[in-house]
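One-based numbering along the sequence shown. Scope of the values below: all heavy atoms of this structure, side chains included, with no hydrogens, waters or symmetry mates.
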Amino acid sequence: MFVSPTVIVTAIGLMLGLIAGFVMHRADFCIAGMFRDLFLFRSTARLRALVLYLAVAMVLFEGARLLGLLPLYPFPLLGPASLAGTLGGVLFGIGMVLAGGCVVGTLYRLGAGNRPSLVAFIGLIIGSALYAEFHPFWKSLLTATTLFSGSITIPQYFSLSPTPLIAVAIAILGGLVTFWCRHGQLSRRLYAKGALQLWQAALVLAGVSLASYLLIGMPLGITNAYAKIGAMGEQLVFPDHVAGLGFFASQPLSCRNPLTGMMLTGGPGPALDGIALIQFPLIAGIILGSTVSALSLGEFTLGHPAPWRQYLSAAVGGILMGLASRMAPACNVWHFLGGLPILAFSSIFFLAGILPGAWLGACILTRWVVR
């Protein structure tokens with residue numbers, strides 16, 4: 001029985017999203033929370049799971065590359081490093097703390113019935129669409145501040161095989177993980193029945209990221225879809241304006257799906273293209289996976305409204321994240337779960353921006369929101 005490549009790619013994205021959403025909800029695996037806790041409570045307990053993820057993902061990605069399973073390396077849509085992208089990281093760090101979750105944390109909390117996350121989700125769409133208004137200026141700034149031109153990763157820049165540098169990084173991160181494991185610092189006391197440890201979620205998500213790379217052609221990413229949804233909504237009201245915006249006309253994706261051989265092309269515009277085929281099912285899967293987890297635990301609820309300051313913070317944070325994910329370009333999921341494991345320059349620069357951004361976000365949160 002013949003199954004079309006479109007159905008296969010859609011099913012893969014939905015399944016990966018279901019797994020990610022379920023696991024993230026069960027462990028409350030939120031990258032925004034990891035950085036927020038670092039600056040608000042001086043705690044690295046949650047951040048250790050991200051270090052574990054990076055160590056495992058590096059092993060999996062490099063192992064797959066050595067076996068010839070990653071023909072698209074570095075993966076599509078991963079661009080060069082830019083100082084302007086670091087500024088986008090700063091803005092993203094502020095936004096994710098104010099929103100109470102990153103681009104994917106917002107989704108799994110939305111799936112569990114969290115009202116502020118719905119507001120942040122809408123803000124993400126608005127911010128992503130707003131970016132199109134000044135895209136030409138920001139694109140020129142990205143180009144003008146590009147560093148290490150022609151090199152996507154550190155090994156590329158030094159004309160080296162990735163293996164030695166990846167091995168050094170794995171040894172450093174692995175040493176930290178081993179130390180924490182020996183001192184019982186990777187696990188936490190779980191109070192909810194069915195909850196997962198953060199380290200368990202990290203291992204599953206590393207496998208999901210590899211599966212996405214192998215079956216779709218790139219790691220997890222969802223923020224182009226936010227811009228696309230925004231473009232679709234704006235097109236209903238201002239079709240001529242949307243048609244005249246260069247950002248929505250761009251087609252940054254052009255690659256062949258390694259599993260089906262299907263050519264995937266697309267961009268942030270309102271068309272149902274390759275971006276929509278990859279990212280829409282992933283978003284739907286994350287929300288649905290979280291909903292299934294919340295319902296099975298009896299935690300799904302729409303009946304607990306939050307203070308108005310929290311809704312306002314979620315809206316502002318969502319808009320800032322939407323803008324920043326296009327300015328960086330890309331979000332924390334793309335850079336941390338996909339770019340850092342292959343030592344991508346742009347992901348390292350994004351990390352350099354998100355750290356002070358999360359600190360600023362924590363300062364704003366404690367001064368104006370949590371009072």
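The aromatic rings of H135 and F247 are tilted relative to each other, their planes meeting at an angle between 30° and 60°. Between Y157 and F148, the ring-plane angle classifies as perpendicular under the 30° and 60° cut-offs. Relative ring orientation between F179 and H183 is described as tilted, the plane-to-plane angle lying within the 30° to 60° band.
Checked by atom type, the side-chain pair S117/Y108 shows no donor-acceptor distance below 3.5 Å. A side-chain N or O of S82 and one of T145 form a donor-acceptor pair less than 3.5 Å apart. A side-chain donor from one of R26 and S296 sits under 3.5 Å from a side-chain acceptor of the other.
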Evaluate F248 against H241 for side-chain contact (heavy atoms from CB on, under 4.5 Å), listing each step before the verdict. CA-CA 10 Å; F248 291 142; H241 181 67; over 6 Å; no
Take H335 and I354 through the side-chain contact (heavy atoms from CB on, under 4.5 Å) test and state the conclusion after the steps. CA-CA 11 Å; H335 284 302; I354 207 172; over 6 Å; no
After noting the C-alpha distance and the side-chain angles of S290 and H25, does the key distance pass the side-chain hydrogen bond (donor to acceptor under 3.5 Å, both in side chains) rule? CA-CA 6 Å; S290 174; H25 177 264; 4.6 Å; no
Test log, rule side-chain contact (heavy atoms from CB on, under 4.5 Å), inputs L264 and I278: CA-CA 9 Å; L264 297 171; I278 294 171; 3.7 Å; yes
Mind running side-chain hydrogen bond (donor to acceptor under 3.5 Å, both in side chains) on Y131 and S325 for me, showing each step along the way? CA-CA 9 Å; Y131 168 78; S325 66; over 6 Å; no
Should F349 and L83 be marked as a side-chain contact (heavy atoms from CB on, under 4.5 Å) after you check the CA-CA gap, both sets of side-chain angles, and the distance that decides it? CA-CA 7 Å; F349 276 45; L83 292 176; 4.0 Å; yes
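The neighbour count for M232 CE, taken as heavy atoms of other residues, nucleotides or ligands under 6.0 Å away, is above 12.
Taking the charged nitrogens against the carboxylate oxygens, K228 and D273 do have a contact shorter than 4.0 Å, which makes a salt bridge.
Residue G101 comes nearest to C30 through the heavy atom pair CA-SG, 3.8 Å, listed as atom of the first residue, atom of the second, then distance. Here the closest non-hydrogen pair linking S254 and M263 is OG-CE, 3.4 Å. The minimum heavy-atom distance linking A81 with F345 is given by the pair CB-CB, 3.5 Å. The shortest non-hydrogen separation linking A330 to T223 is CA-OG1, 4.2 Å. Here the closest non-hydrogen pair linking I216 and P258 is O-CD, 3.4 Å. When all heavy atoms are compared, the tightest approach of D37 to R46 is OD2-CD, 2.5 Å.
With ring centers used as reference points, F121 lies under 6.0 Å from Y226. Under the 6.0 Å cut-off for aromatic ring centres, F75 and W334 qualify, their centroids lying closer than that. Taking the six-membered ring where the residue is Trp, the centroids of F35 and F336 are separated by under 6.0 Å.
Two residues are said to be in side-chain contact when any heavy atoms from C-beta on lie closer than 4.5 Å; L16 and S212 meet this criterion.
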